[in-house]
Amino acid sequence: MANLAVVVLAAGMGKRMKSDTAKVLHPVLGRPMLSYVYDAALSLSPKRVVVVVGHGADEVKKVSDSKKLTYVTQTKQLGTGHAASCATEALKNFKGNVVIINGDFPLITPSTLKKFVRQHERKDADLSVLTALLDDPTGYGRIMRGTDGDPIGIVEEKDASREERFIDEINSGTYCVKSSFLWNALKKVNRKNKQGEYYLTDVVGLAHNNSLKINGEVVSDSDEVMGVNDRVELSYVESVLKWRTNENLMRSGVTLIDPETTYISPGIRIGRDTTIYPNTQIYGETQIGRDCTIGPTNWIENTKIGNGVIIKSSCYITNATIKNNISVGPFAHIRPEAKIMDGAKIGNFVEIKKSKIGQGSKVPHLSYIGDADLGKQVNIGAGTITCNYDGVNKHKTIVEDNVFIGSDTMLVAPIKVGKGATTGAGSTISKDVPEGSLAIGRARQTVIKDWKRKPKDKKGK
Ligand code: UD1
Ligand code: CA
């Protein structure tokens, strides 16, 4: 695409969301809706992307770390026309086409946006607007077309006459405008309308008055331009995106037992012959290999999972690494910086935090392993806990290869259990255990023979 800049309008609060969070930050499949708009914008390989921020500006700026983005602030939200004009200064030296898009329509795809700009260039239009034909156009601006079929203006629903409201072609809020016209036109936009706002849509009428070439491009899948104004629309948009994402995964060789209840962020890679059971949510920078079985009812976020991994029912896994041929759960909590190596096993009611579980090692039942480094082929008995916190600081536990930790061992950190050592069940281990030795740290059993229990007290006595 030729010389291009993009302006993203993202300053609005989104009153209809009834939220303390700026609208464009509300997540759709685990990612802020604005991030999808950025994906589409950046796919155009623009020279620059100017984001107009206002409500929640600090948070909005965290959505992307792309070097192409620059931010301008709209201090008062006086309307979309005013928002677009906030980019004037930032783009004053830019000559070419300016694409303006709303930050609140996450279903737009890169291919649709690219096609829109290509048509604008091909037709050498001065202004293009992306439109859609809707069965129910309620709430959107309506496209008015002239006798030659090209758009001549946009009327907002609140300002439209009864007849105009029957128009079923709507404005998506996506425009491509020659910079030579845009900035001057924006200066002429006023707020003489029902909402008392500066409408960006008015530049279409201005272009028509100047006899400029206007192109109205109808999108083929109207879902793509669905704007999110309230939480009902948010949920609809998520269901569309979920279906789109899940369909791609299934076609690439992943079995989803129930796509309806499977939520996966777009862009997450999952290998062939992996099966995902219902009620599973997979978000963030996650990656899952081949031949895995995941779920039902798992939450997996920012986690790298290798091949042949089984994550059984009801596990909560975040910011972890799980290598190959590993079984986890049911009911396991795998926390940030957990690193589970090939062939390991993490069983039920086990919590792992900031710890390495070495190759072939097992933590099968009811354990907390935190700030620990476990070697290869270690066996951790049921109920074992690393006592890693002394109330002020966290301390490290080191368990070397082939260690056998008896059930219900308390490993009081900092501590090191040497290669091949064993701890007796029920031990509190507070001193290092040398290689190959047995450590027992518990009271010796006493047996009192012929012990008679006192007769039980009767009630009321
Ligand atoms: C707008 C269009 C409407 C179109 C619809 C498509 C106008 C006047 N109307 O209406 O024709 O059918 O989008 O979804 O443009 N924003 C700012 N600053 C402001 C106001 C808004 O940055 O002062 C941003 C918002 O954050 C949002 C976008 O602009 O991302 C659209 O604003 P919104 O209030 O949702 O416009 P609509 O009423 O939906
Ligand atoms: Ca909107």
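We count ligands from 1, going down the list as the structure has it; atoms in each ligand are counted the same way. Owing to the predicted nature of the structure, the values given are computational and were not obtained by experimental measurement.
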Asn388 and Thr386: side chain donor to acceptor below 3.5 Å: no
Residue pair Tyr283 / Gln281, side-chain donor-acceptor N/O under 3.5 Å: yes
Residue that, paired with Asp104, satisfies side chain to side chain contact (heavy atoms under 4.5 Å, CB included) out of Lys23, Met17, Met226: Lys23
Asp148, Asp124, Asp150 screened by salt bridge (charged side-chain N to carboxylate O under 4.0 Å, His left out) with Lys213, the one that passes: Asp150
Any N, O or S atom of Asn229 closer than 3.0 Å to the Ca ion (ligand 2): yes
Nearest neighbour in protein (non-hydrogen) for atom 14 (O) of ligand 1: Asn102 ND2, 3.7 Å
N or O pair under 3.5 Å between Ala11 and ligand 1: yes
Cationic tip of Lys242 above Tyr263 ring, under 6.0 Å, 45° of axis: yes
Under 3.5 Å: N/O of Gly103 near N/O of ligand 1: yes
Under 3.5 Å: N/O of Thr201 near N/O of ligand 1: no
Winner among Met226, Met33, Glu156, Arg142 once heavy atoms are compared against atom 9 (N) of ligand 1: Glu156
Proximity to ligand 1 by part of Asn229, non-hydrogen separation under 4.0 Å: side chain
CD (Glu285) with more than 12 external heavy atoms under 6.0 Å: no
Candidate list Thr293, Leu256, Ile288, test side chain to side chain contact (heavy atoms under 4.5 Å, CB included), partner Thr274, passing option: Ile288
Sub-4.0 Å heavy-atom approach of His82 to ligand 1: no
N or O pair under 3.5 Å between Lys23 and ligand 1: yes
The Ca ion (ligand 2) to Asp104: nearest N/O/S atom name: OD2
For atom 4 (C) of ligand 1, closest protein heavy-atom neighbour: Asn171 O, 3.2 Å
salt_bridge(Lys18, Asp230) N-O dist < 4.0 Å: no
Quiz item: cation-pi between Arg31 and Tyr36, 6.0 Å / 45°: yes
Structural part of Arg16 in contact with ligand 1, heavy atom criterion under 4.0 angstrom: side chain
Backbone of Asn298 reached by a side-chain donor or acceptor of Tyr277 within 3.5 Å: no
Geometric N/O contact Leu200 with ligand 1, under 3.5 angstrom: no
Element-labelled atoms of ligand 1 that are located less than 4.0 Å from some non-hydrogen atom of Gly141: 3 (C), 4 (C), 11 (O), 12 (O)
Under-4.0 Å salt bridge between Glu169 and Arg142: no
Polar contact flag, side-chain donor to acceptor under 3.5 angstrom, Asn171-Tyr175: yes
Proximal atoms of ligand 1 relative to Ser172 (non-hydrogen, under 4.0 Å): 6 (C), 14 (O)
Shortest protein contact, atom 16 (N) of ligand 1 (heavy atom only): Gly12 N, 3.9 Å
Nearest non-hydrogen protein atom, atom 23 (O) of ligand 1: Gly79 N, 2.8 Å
Contact check: Tyr199 vs ligand 1, nitrogen or oxygen atoms, below 3.5 angstrom: no
Contact check, Ile170 vs ligand 1, heavy-atom distance below 4.0 Å: no
Donor-acceptor pair, side chain of Arg48 and main chain of Ala90, under 3.5 angstrom: yes
Polar proximity ligand 1 side, Val52 side, N/O cut 3.5 Å exclusive: no
Identity and distance of the protein heavy atom lying nearest atom 29 (O) of ligand 1: Leu9 CB, 3.5 Å
Top protein contact for atom 7 (C) of ligand 1, by heavy-atom distance: Thr80 OG1, 3.4 Å
Any N or O of Gln74 closer than 3.5 Å to N or O of ligand 1: yes
